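First comes the structure, then the notes that go with it.
Bear in mind the structure is a predicted one, so any value in this text is a computation, not a measurement. Heavy-atom basis, side chains included; hydrogens, waters and symmetry copies ignored. One-based numbering along the sequence shown.
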Amino acid sequence: MLKVIERDGQRRVIEELQRALDIYRHSTSHLMALAVLELFPGTHLGIGPATSEGFYYDFELDHRFTDEDLPRIEEKMRELAKSDIPFEPTIITVDEAERVFAEMGERLKCELIDERKGETLSCYRLGQLYDFCTGPHVESTGKLKHFKLLSIAGSYWRGDEHREQLQRIYGTAFFSREDLENHLAFLEEAKRRDHRRLGKELDLFSFHEEAGSGFVYWHPRGAFIKDVIERYWKEEHFKRGYELVSIPHVARHNMWRTSGHYEYYKENMYTLDIDEEEYVVKPMNCPGHILIYQTHLHSYRELPVRYAELGTVYRYEKSGVLHGTLRVRGFTQDDAHIFCTPDQVIEEIDGVLDLCQDLLETFGFHQYEVELSVRDPQNKEKYAGSDEEWELAEKSLVQAMDKRQISYRRMEGEAVFYGPKIDFKLVDAIGRKWQCSTVQFDFNLPKRFNITYVGKDSQEHHVYMIHRAIMGSLERFFGTLVEHYAGAFPLWLTPEQARVIPVSEKFGDYAAEVTRKLKSAGLRVHLDDRNEKVGYKIRDAQLQKIPYMIVVGGREQESGAISVRNRFDGDLGSMEIAHFVDTVKSHIDSKSVKP
């Protein structure tokens with residue numbers, strides 16, 4: 001059974017500790033800024049917030065930071081920390097702040113000040129550093145002991161790629177050396193699991209700037225795994241009464257105006273002109289599924305209707321946020337839209353949650369966090385739908401989660417404007433959280449497209465529409481799987497389940513015979529008949545994360561058997577081919593993680 005982590009009491013304690021750590025980290029970012037100012041006179045400041053894992057600060061200066069600069073800056077930070085410099089808060093007027101920061105030449109800070117509507121501002125002085133900052137901070141730099149600078153990156157002011165290009169230094173800080181060292185070890189493990197590195201090493205996918213940023217090119221091995229995932233996804237959906245549909249990748253702008261995307265989402269959409277008319281490359285699948293539903297009138301007896309599609313969509317993302325397969329511009333949503341009556345809602349939500357739990361656990365995810373996003377009760381006018389609809393929707397989501405004993409965090413004001421939603425955040429093998437499944441109500445599109453059914457009273461009524469995605473984005477889910485398993489996929493997913501290795505050329509014929517038998521039994525097997533030493537071939541198979549290595553020589557040829565190794569336990573000894581096939585197939589059928 002999947003496990004939901006962090007109960008309410010635990011969460012409150014964690015939030016308090018996180019607030020204290022944020023203050024500590026934000027103070028450390030100021031310490032870093034002071035060190036940079038002293039080492040590189042003429043530097044201008046951007047912003048320097050705490051983050052969930054540390055802090056960063058953006059700088060504008062002529063010098064180009066390199067990795068060699070980080071130890072030097074860190075050494076200066078330790079020197080300044082020992083000096084026990086106080087953080088001195090001041091409150092000044094907006095006019096005074098504009099004058100002071102203009103005289104300092106801090107035009108980026110002046111831009112932030114100009115946007116402030118209050119009459120006073122909070123600033124902090126730390127030695128020669130004077131920063132427009134709301135704080136709070138620790139009392140003095142002497143409190144800051146356990147920190148580490150991690151990396152350098154480029155950034156744009158305000159995240160706008162058309163604005164000034166800055167240089168960003170990332171770091172982290174903790175209350176204790178032990179926590180810092182544990183985190184640094186965690187970062188090393190995360191680096192080992194990085195899906196971008198493993199994607200290249202295991203020949204799974206690539207990206208090509210000459211063809212455009214943010215688009216995945218699937219190599220044969222990666223495309224094979226992707227196909228296994230898709231086939232399993234389809235099988236599970238067929239079992240649960242979903243019907244597969246497929247829609248075009250472009251549509252006239254009128255459809256996106258009706259849906260509201262053109263008005264609210266246009267900056268994220270790709271458009272093109274066809275026959276002197278504007279078309280949109282689809283950023284969503286829902287309007288297309290609606291058009292299919294509307295091709296004929298539905299009776300309440302036909303509902304629910306469940307349309308599902310592995311539909312590729314395209315959204316413009318700024319280049320600075322693109323990140324391997326986790327953040328791309330073209331991605332495949334495992335989308336489905338359920339059209340149902342009000343009295344079917346709870347059962348449908350329960351069915352979606354059941355599918356979520358089964359599918360995610362099958363892929364090896366056993367922990368997650370759940371958030372229930374609802375509207376802001378003080379600003380109901382910002383949301384589509386009536387009070388009655390919102391109450392029914394929220395009640396349905398809560399009842400379905402209660403039935404499955406799913407704990408959740410209520411997020412007021414975090415609902416999308418068209419309805420409440422449930423979000424699942426997976427927890428991977430090293431404790432990182434990944435946005436994954438989502439279940440959303442929609443009170444907007446049924447009215448915009450006038451999506452109806454004929455009820456028992458022979459009148460037309462608007463359907464209740466549920467959006468849901470289990471994997472979310474197949475590309476992001478694939479990247480998550482790579483990092484969760486560190487590239488060592490479960491046997492049922494991996495494109496090469498076994499590699500046959502002859503100890504020398506004279507046993508090549510027997511190795512080829514073994515390979516044919518295993519392939520005819522339905523296993524995915526490759527024969528490594530290169531003129532290389534056995535140890536080299538075994539090591540190469542291990543680096544390629546191959547689950548089984550089958551070594552054959554004179555003894556095996558004589559007995560008609562095989563010598564088997566696996567990547568977890570090493571040498572398993574000699575066994576009959578039929579026994580090996582049965583063993584492997586049992587692991588495949590059970591979709592177990594370890595062969």
- [ ] Please lay out, stage by stage, how K591 and L493 fare under the test side chain to side chain contact (heavy atoms under 4.5 Å, CB included).
- [x] CA-CA 8 Å; K591 294 182 170 59; L493 278 177; over 6 Å; no
Task: Worked verdict on D131 versus K109 for salt bridge (charged side-chain N to carboxylate O under 4.0 Å, His left out) - done: CA-CA 8 Å; D131 201 358; K109 295 291 184 181; 2.6 Å; yes
Open item on the list: Working note: K421 + E394, criterion salt bridge (charged side-chain N to carboxylate O under 4.0 Å, His left out); need CA distance, chi angles, decisive distance, verdict.
Closed with: CA-CA 8 Å; K421 63 174 182 170; E394 184 180 327; over 6 Å; no
Open item on the list: With side chain to side chain contact (heavy atoms under 4.5 Å, CB included) as the criterion, how do L204 and L198 come out once you've worked through the C-alpha distance, each side chain's angles and the decisive distance to 0.1 Å?
Closed with: CA-CA 8 Å; L204 301 175; L198 289 169; 5.6 Å; no
Task: Full working for side chain to side chain contact (heavy atoms under 4.5 Å, CB included) between S437 and C356 - done: CA-CA 7 Å; S437 309; C356 280; 3.8 Å; yes
TODO: Quick one: do M465 and C286 satisfy side chain to side chain contact (heavy atoms under 4.5 Å, CB included)? Show the steps, please.
DONE: CA-CA 10 Å; M465 185 175 176; C286 34; 4.1 Å; yes
Open item on the list: Evaluate R468 against Q440 for side-chain hydrogen bond (donor to acceptor under 3.5 Å, both in side chains), listing each step before the verdict.
Closed with: CA-CA 6 Å; R468 45 111 294 196; Q440 302 178 353; over 6 Å; no
Open item on the list: As a quick check of understanding, evaluate ring-ring contact (aromatic ring centres under 6.0 Å, His included) for Y265 and W256, giving each step before the final call.
Closed with: CA-CA 9 Å; Y265 204 72; W256 306 103; 9.4 Å; no
- [ ] Might you work through the salt bridge (charged side-chain N to carboxylate O under 4.0 Å, His left out) test for R375 and D387, ending with a clear yes or no?
- [x] CA-CA 11 Å; R375 62 180 175 171; D387 286 347; 2.8 Å; yes
Open item on the list: As a quick check of understanding, evaluate side-chain hydrogen bond (donor to acceptor under 3.5 Å, both in side chains) for Y56 and S29, giving each step before the final call.
Closed with: CA-CA 6 Å; Y56 68 81; S29 78; over 6 Å; no
TODO: Determine, stepwise, if the pair R196 / D194 fulfils salt bridge (charged side-chain N to carboxylate O under 4.0 Å, His left out).
DONE: CA-CA 5 Å; R196 294 167 297 179; D194 191 317; 2.7 Å; yes
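Inspection of the T341 and Q344 side chains reveals an N or O donor paired with an N or O acceptor under 3.5 Å. Defined by atom type and a distance below 3.5 Å, a donor-acceptor pair is missing between the side-chain atoms of N268 and H261. Side-chain polar atoms of T134 and S122 form no donor-acceptor pair below 3.5 angstrom. There is no side-chain donor-acceptor pair under 3.5 Å between E60 and W157. Of the N and O atoms on the side chains of H253 and T271, not one donor lies less than 3.5 Å from an acceptor on the other residue. Remark: the T93 side chain and the D95 side chain contain no N/O donor-acceptor pair separated by less than 3.5 Å. Y408 and D402 form no side-chain donor-acceptor contact under 3.5 Å, judged by distance and modelled atom types alone. Side-chain atoms of E475 and T325 form no donor-acceptor pair, as typed in the model, at a separation below 3.5 Å.
When all heavy atoms of T172 and E53 are compared, the pair lying nearest together is OG1-O, 2.6 Å. S396 and I346 get closest at one heavy-atom pair: OG-CG1, 3.6 Å.
Close placement of the F424 and Y368 rings is indicated, their centers lying within 6.0 Å of each other. Ring centers of Y453 and H461: under 6.0 Å apart, within the cut-off. Aromatic rings of F441 and Y418 (six-membered ring for Trp) have centroids beyond the 6.0 Å cut-off, not under it. No close placement of the Y170 and F55 rings is indicated, their centers lying 6.0 Å or farther apart. W218 has its ring centre less than 6.0 Å from the ring centre of F478. Residues F59 and H44 keep their aromatic ring centres 6.0 Å or farther apart. Here the two rings, on W434 and F477, have centers that are 6.0 Å apart or farther. Ring-centre distance between Y293 and F339: below the 6.0 Å cut-off. Under the 6.0 Å cut-off for aromatic ring centres, Y217 and H208 qualify, their centroids lying closer than that.
More than 12 heavy atoms of other shown residues, nucleotides or ligands fall within 6.0 angstrom of atom CD in E111. Within 6.0 Å of the CD atom in Q165, the count of heavy atoms belonging to other residues, nucleotides or ligands exceeds 12. Atom NZ of K403 sits in a sparse spot, with 12 or fewer heavy atoms from other residues, nucleotides or ligands closer than 6.0 Å.
The CD1 atom of I47 lies 10.0 Å from the CG atom of L108; values are rounded to the nearest 0.5 Å. With rounding to the nearest 0.5 Å, the separation of CG in L310 from CG in D334 is 6.5 Å. Here CG of D442 is found 7.5 Å from CD1 of I451. Values are rounded to the nearest 0.5 Å.
Not counting sequence neighbours, the partners of R168 by the salt bridge (charged side-chain N to carboxylate O under 4.0 Å, His left out) test are D58. Scored by the salt bridge (charged side-chain N to carboxylate O under 4.0 Å, His left out) test, E483 finds R432 as partners (sequence neighbours excluded). With sequence neighbours left out, R476 forms a salt bridge (charged side-chain N to carboxylate O under 4.0 Å, His left out) with no residue at all. Residues satisfying the ring pair (Phe, Tyr, Trp, His ring centres under 6.0 Å) criterion with H162, sequence neighbours excluded, are absent altogether.
Checking W492, W233, F489 one by one against F363, the ring pair (Phe, Tyr, Trp, His ring centres under 6.0 Å) holds for a single residue, W492. Of the candidates H337, H289, H237, Y242 forms a ring pair (Phe, Tyr, Trp, His ring centres under 6.0 Å) with just one, namely H237.
Sequence neighbours left out, not one pair with a member in residues 241-251 passes salt bridge (Lys or Arg N to Asp or Glu O under 4.0 Å). Residue pairs meeting the salt bridge (Lys or Arg N to Asp or Glu O under 4.0 Å) criterion with at least one partner in residues 272-300, sequence neighbours excluded, are R252-E277, K282-E309.
Residues Y316 and Y314 have side chains not in contact (no heavy-atom distance under 4.5 Å, counting atoms from C-beta outward). Using a 4.5 Å heavy-atom cutoff, the side chains of V352 and D354 are not in contact. Considering only heavy atoms from C-beta on, L392 comes within 4.5 Å of Y464 through its side chain. Annotation: side chain of I470 is in contact with side chain of L355 (closest heavy-atom distance under 4.5 Å). The closest side-chain heavy-atom distance from R19 to I23 is not below 4.5 Å.
Taking 4.0 Å as the cut-off between side-chain N and carboxylate O, K382 and D376 do not count as a salt-bridged pair.
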